[in-house]
Amino acid sequence: KSIAEIQANPGKYQDKDVAIAGRVVDSYGISIPGTRVGGGAYKVDDGTGSMWVIVSDGAVPSKGAEIGVKGTISSGVNWKGRNYGLGMHEKDRRYRKQ
């Protein structure tokens, strides 16, 4: 789906799994070396709009990466005390082959 389609009708996609693809335009992650603690948020832009994607466990992709991501759409996405509005909780991610 295009991000514009999701943003135009968020109720249709609320709590459903959706796949989007685009370029990472912003990325914030945390990790504690030597532990399995990690996560963060990154913003994907597909040319029609942009959306925050939350990663609960694991690394976030670097700014500029071209990816496809599948996850659950939610409004009022929060992570570590920050509200990202309409966004996605990541379930799976694929990188574009070079």
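Please read all numbers here as calculations on a predicted model, not as lab measurements.
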S.K.: So do Val69 and Asp92 actually touch side chain to side chain, heavy atoms under 4.5 Å?
M.R.: no

S.K.: Taking all non-hydrogen atoms of both residues, which atom of Pro61 and which atom of Ile67 are closest, and how far apart?
M.R.: CG-CD1, 4.3 Å

S.K.: Taking all non-hydrogen atoms of both residues into account, name the closest pair between Ser27 and Val60 and its distance.
M.R.: OG-CG2, 3.2 Å

S.K.: Over all heavy atoms of both residues, which pair between Val25 and Lys63 is shortest? Give the atoms and the distance, please.
M.R.: O-CE, 3.2 Å

S.K.: For Gly64, does its backbone N or O pair with a side-chain atom of Arg23 as donor and acceptor, under 3.5 Å?
M.R.: yes

S.K.: Closer than 3.5 angstrom, by distance alone: can the side chain of Glu5 be matched with the main-chain N or O of Pro10 as a donor-acceptor pair?
M.R.: no

S.K.: What heavy-atom pair brings Ala41 and Ile54 nearest, and what distance separates the two atoms?
M.R.: CB-CD1, 3.8 Å

S.K.: Which atoms form the tightest heavy-atom contact between Ser2 and Thr48, and what is the distance?
M.R.: CB-OG1, 3.7 Å

S.K.: When rounded to the nearest 0.5 angstrom, what distance separates CG in Leu86 from CD in Gln14?
M.R.: 7.5 Å

S.K.: How many angstroms lie between atom CG of Asp15 and atom OG of Ser75, to the nearest 0.5 angstrom?
M.R.: 8.0 Å

S.K.: For the pair Asp17 and Lys91, find out whether any cationic side-chain nitrogen is under 4.0 Å from an anionic carboxylate oxygen.
M.R.: yes

S.K.: Is the closest side-chain heavy-atom distance between Met51 and Tyr42 below 4.5 Å?
M.R.: no

S.K.: Let me confirm one number: the OH-OG distance from Tyr95 to Ser62, rounded to the nearest 0.5 Å.
M.R.: 7.0 Å

S.K.: Could you check if a side-chain atom of Ser74 sits within less than 4.5 angstrom of a side-chain atom of His89, using non-hydrogen atoms only?
M.R.: yes

S.K.: Calculate, to the nearest 0.5 Å, the distance between atoms CE and NZ belonging to Met88 and Lys70 respectively.
M.R.: 10.0 Å

S.K.: Would you call Lys43-Asp45 a salt bridge at under 4.0 Å N-O?
M.R.: no

S.K.: Atom CD1 in Ile6, atom CG in Asp46: separation rounded to 0.5 Å?
M.R.: 8.0 Å

S.K.: Hey, does Lys16 have a side-chain heavy atom less than 4.5 Å from the side chain of Thr72?
M.R.: no

S.K.: Would you give the length of the straight line joining atom CD1 of Ile73 to atom CD of Gln7, rounded to the nearest 0.5 angstrom?
M.R.: 9.5 Å

